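Since this is a predicted model, take the numbers as computed values, not measurements. Residue numbering restarts at 1 for every chain, and letters A, B, ... go by the order of the sequence lines. Heavy atoms only: backbone and side chains are in, while hydrogens, waters and symmetry mates are out.
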Amino acid sequence: MERFYVTTPIYYVNDTPHIGHVYTTVAADILARFNRLLGRRVFFLTGTDEHGQKVQKAAQERGLSPKEHADIMVQNFKTLWKRMNISNDAFIRTTDKEHIEVVQKILQRLYEKGEIVKRPYKGWYCTPDERFWTEKELVDGRCPDCGRAVEEIEEDNYFFLMSKYQDALIRHIEKNPQYILPETRRNEVMGFLKSRPLGDLCISRPKKRLTWGITLPFDDEYVTYVWFDALLNYYSATRYLAPQDGEVSWWPADHHIVGKDILTTHAVYWSTMLMALDMPLPKNIFAHGWWTVDGRKMSKSLGNVVDPFEVVENYGVDSFRYFLFREVTFGLDGDFSINALVNRINSDLANDLGNLVSRCLAMARKYFDSVVPEPTLTEEEIKSLAESIVDRMKRHLETLSFQKALDEIWMLVSTLNKYIDTKQPWSLAKSPEDSSELKNIIYTILEGIRFLSIYIYPFMPESALKILSALGMEDSIKKPVLKEAKWGGLRPGTKLKKMGALFPRITKEQKKEKGKSTDEEEIVSEDNYIRIDEFAKVDLRIGKVLEAERIQGSNKLLRLIVDIGEKRQVVAGIGKAYSPEELVGKLVVVVSNLKPAKLMGVESQGMLLAAGTDNEIAIISPEKDVPAGVRVK
RNA sequence: GCCGGUGUAGCUCAGUUGGUAAGAGCAUGCGGCUCAUAUCCGCAGAGUCGGGGGUUCGAAUCCCUCCACCGGCACCA
């Protein structure tokens, strides 16, 4: 039997689930459900990543062991997936005993093959943060995260020799255009791979700093770097969570669905790891886009993080699932807003689909007492449209073009609505002699709706089941109905069941009642203003440029010495608009209390105010002569 | 800065290898129907296909250039 293996990333167990997690996971769910209907043997995997510093720290703060902490946190995801009707076949946790065994076995194998070697490693370590930084990452010689001092540490670590697979990976991507999708992401990865030599990957962390991880089998002083451990879940799950039947392996996966932020990790780290193991690469890695909310980046500080539980509570699982995949092309970024969601629900789901089902069942009830009539002929056009959709869906879903698949389905929705209008069954119902035509019409619509319900099932399983149940056929979805979707599956004589509105229209008033809205007005008033005391935190000073010179190797960075009552060295990115000579003697406005930063190795102890784009820049300068050092307010 | 991408009706976007493709959905206006969740169906708008130049018998679709925006990397306050 044909197999189909799809994965989501394993989510960091510390995270609070948001719309992004839902997006990836529902995408995988749609593929899984669709492929089951095609009669394929499906393994759909999701799970959690539970090792690493943050988990260890969070657990410590709560006075729990890391595992106890993870056991609690993992419920966030498990509950959400249940709520979202996710049909995952397994849920992997990187703390699973079996996973750990597989990871250790693989580490051992790579070590013995000489793919992992021990090397001295030099870096700057921030003790309070317990993490390493490279020279470049340092800000003013301090930890870029907390600003505290770092110490240079030299220690031995284990490296995976990733660099030697650089060329092989480039060739693989070139030969397999489907390997990384969408295309623009593949270009990025290629650009990344071709622009510079790939380094080796440090895959160990000494236990003196991090204990919450998988111990290296060949050196128990170290644990494994979390990514190395995490990526292997895709394989380890096939060894103990996938249905074990016969010799056939579930590996390689058909699709790894990931967010664009972790594409490099998958496209480069994971791919080369597999190469080193002489294992086949997955058939496809698909990086999808991000959701903004009301046009803004989602962030905790803005308070606009979309809580999936809330959306589902207010608008329903299926509406949410539908919106995510109809509104935006999978792979591009999209914008989530309650307005957009409600528009989709009302126009596509309530008006088009829901109303179609409703009017059709109503007619069947009125004209045939809710019994499926026996047709005397087949409407060939509708039949062939209905039957042909599965092929196009298949094609579109192979490249994860969910939107296009939905468009195909909605062709049938609109065709059926038109058909009803043209045939005007209500007129026929008035003249009893036309009863056979009336039967044909009603049967055609009902059967069309049966097809629709099957097609929408991967996207909206709950609604699909409601419709099928009204048609008395809810069991049919348990079989691979799309393997051979034939017109005429609906049996004449079947008693139709009553059904409420599939997708009730949402009125403006209801929308307001649905609690926390993401309506523009409120957010603007709440978040676009800062208080005067917040502004006062910015210490702006008039400064006089004393010296200016270009920073070697940089196109637009200038090093300035500015007098703001004291001499400051400021690095400014205005080298394209100003020459050093014309700057000397100029009065400028400097943010004097900006945290120092290092640019091109030169420390900048402030920032010049300037307006404009990259090429067209104007420095802000006081209109009259004022002494250097005075405060701007 | 380098690399990649985008710029098409009010909005969101489709537009294979250049030639009846200037399109869809939503929104708007008008008309029709009444089975239906004030739903459905039909018709309409005219957008110099970012600007300019070029190739061609012919370009939204190829080439050059400019502008704007986005993404990746890099030296991103």
Are the side chain of [X] and the backbone of [Y] linked by a donor-acceptor contact shorter than 3.5 Å?
X	Y	value
Arg321(A)	Pro458(A)	yes
Gln403(A)	Arg326(A)	yes
Ser163(A)	Asp200(A)	no

Separation between the [atom1] atoms of [N] and [M], rounded to whole Å:
N	M	atom1	answer
G29(B)	G19(B)	P	37 Å
C26(B)	C40(B)	P	9 Å
U48(B)	A38(B)	P	39 Å
A9(B)	G47(B)	P	10 Å
U17(B)	G53(B)	P	26 Å
U55(B)	C64(B)	C1'	10 Å
A27(B)	C70(B)	C1'	26 Å
G7(B)	U61(B)	P	12 Å

Problem - Gap between atoms NZ and P, on Lys430(A) and C33(B) respectively (whole Å) - result: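 Answer to the nearest Å: 11 Å.
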
Exercise for the section: For Asp333(A) and U6(B), give me the distance from atom CG to atom C1', rounded to whole Å. Expected result: 12 Å

Problem - Salt-bridge contact Glu174(A)-Arg186(A) (side-chain N to carboxylate O under 4.0 Å) - result: no

Exercise for the section: State whether Arg185(A) and Glu188(A) are salt-bridged, where the test is any N-O pair (Lys NZ or Arg NE/NH1/NH2 against Asp/Glu carboxylate O) under 4.0 Å. Expected result: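 Salt bridge: yes.
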
Problem - Passing candidate, side-chain contact (heavy atoms from CB on, under 4.5 Å) with Ile257(A), options Thr24(A), Ile285(A), Val26(A) - result: Thr24(A)

Exercise for the section: Compare side-chain N and O positions of Lys366(A) against OP1 and OP2 of A36(B) and report whether any pair is under 4.0 Å apart. Expected result: yes

Fill in the blank from the handout: Nearest-nucleotide check on RNA chain B, Glu327(A) vs Lys260(A); residue mapping nearer the 5' end is Glu327(A)

Handout entry: Close approaches to RNA chain B from residues 183-197 of chain A, in residue order (heavy atom, under 4.0 Å)
Key =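 By residue number: Arg185(A), Asn187(A), Glu188(A), Arg196(A).
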
Practice task
At under 4.0 Å between heavy atoms, which parts of nucleotides 37-42 of chain B does protein reach? Answer with one letter per nucleotide, 5' to 3': B base, S sugar-phosphate only, - none.
Solution key: B-SBSS

Problem - Over all atoms of both residues, closest heavy-atom pair of Ala340(A) and Ser337(A) - result: N-OG, 3.0 Å

Problem - Any donor-acceptor N or O pair under 3.5 Å, side chains Glu379(A), Tyr443(A) - result: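 No, no side-chain donor-acceptor contact under 3.5 Å.
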
Exercise for the section: Give me the one residue out of Phe320(A), Tyr23(A), Phe330(A) that meets ring pair (Phe, Tyr, Trp, His ring centres under 6.0 Å) with Trp291(A). Expected result: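 The option that passes is Tyr23(A).
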
